[in-house]
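Given the structure is predicted, the values throughout are model-derived calculations rather than measurements. Along the sequence shown, residues are numbered consecutively beginning with 1. Counting starts at 1 for both ligands and their atoms, in listed order.
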Amino acid sequence: MEPPEKITVGELVLKRWEPEWAELATAAVRESLPELKRFLPWAKDSYDTAATHAFIATSTEEWAKGTTFNYAIFDTGGDLVGAIGLMSRMGPGVLEIGYWTRTRYAGRGYMTAAVEKLAQVALALPGIDRVAIRHDASNAASAAVATKAGFTEVDRIDREPEAPGETGTDIIRERRG
Ligand SMILES: CC(C)(COP(=O)(O)OP(=O)(O)OC[C@H]1O[C@@H](n2cnc3c(N)ncnc32)[C@H](O)[C@@H]1OP(=O)(O)O)[C@@H](O)C(=O)NCCC(=O)NCCS
């Protein structure tokens, strides 16, 4: 069970993370911190290249283990526009999609297109019959992406907030194959 290392989506390409993109990714995260840190606990003011290297190293290990498949997203000019990944942490038969967009590329429909495509890829993998997105109830942009990509709400889970924009109520959405 392994998705392709490279996936083309219109004018975007999703590529399995490589260490040589660490500087570019750090710049993308740092300039997007005001938006990212509202909902992503790892997006802190202290975020640096060492954090990106650690993320890429973990991504490489997890890809090899088959537990998580993380991709960088590039545009046709080779600029990094965001990141997306498939995670098996919700258990057998389901892959969860996580994502963030570099702020200067937000609002162009990029993440909706990437999610839509990665959902199709995931649902074509053996043993996968559903894909999920989990976002905080106050994350309207993530809710819009998930809804536009065909995900419908199946559950709500209360937990401790981990990032400043969170209410602590997660909405779980799913799309079935
Ligand atoms: C969620 C996120 C990835 C969306 O990326 P994007 O590339 O801008 O997504 P798209 O352009 O495909 O679609 C964005 C949609 O959100 C809507 N949106 C954006 N900000 C919004 C807001 N504050 N309130 C309501 N809707 C909002 C846009 O209008 C658009 O929907 P529309 O096409 O129906 O108008 C981006 O906002 C982000 O990185 N947020 C911070 C990290 C994060 O929350 N990740 C997800 C964790 S679950």
Looking at [atom], would you say a protein heavy atom lies below 4.0 Å from it?
| atom | answer |
| --- | --- |
| atom 23 (N) of ligand 1 | no |
| atom 35 (O) of ligand 1 | no |
| atom 40 (N) of ligand 1 | no |

Among protein heavy atoms, which sits nearest to [atom], and what does the distance come to when rounded to 0.1 Å?
| atom | value |
| --- | --- |
| atom 28 (C) of ligand 1 | Ala144 CB, 4.8 Å |
| atom 38 (C) of ligand 1 | Thr101 N, 3.9 Å |
| atom 45 (N) of ligand 1 | Tyr99 O, 2.8 Å |
| atom 31 (O) of ligand 1 | Lys148 NZ, 3.4 Å |
| atom 9 (O) of ligand 1 | Val145 CG2, 3.5 Å |
| atom 47 (C) of ligand 1 | Asn139 ND2, 3.8 Å |
| atom 20 (N) of ligand 1 | Ala141 CB, 3.6 Å |

OH of Tyr71 to NZ of Lys15: how many Å apart, nearest 0.5 Å?
->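 Here the interatomic distance stands at 13.0 Å.
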Nearest heavy atoms of Gly177 and Leu123, plus distance in Å |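 That would be N-CD2, 3.5 Å.
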Go through Asp136 and Arg159 one step at a time and tell me if the salt bridge (charged side-chain N to carboxylate O under 4.0 Å, His left out) criterion holds.
-> CA-CA 10 Å; Asp136 190 85; Arg159 58 180 175 80; 3.7 Å; yes
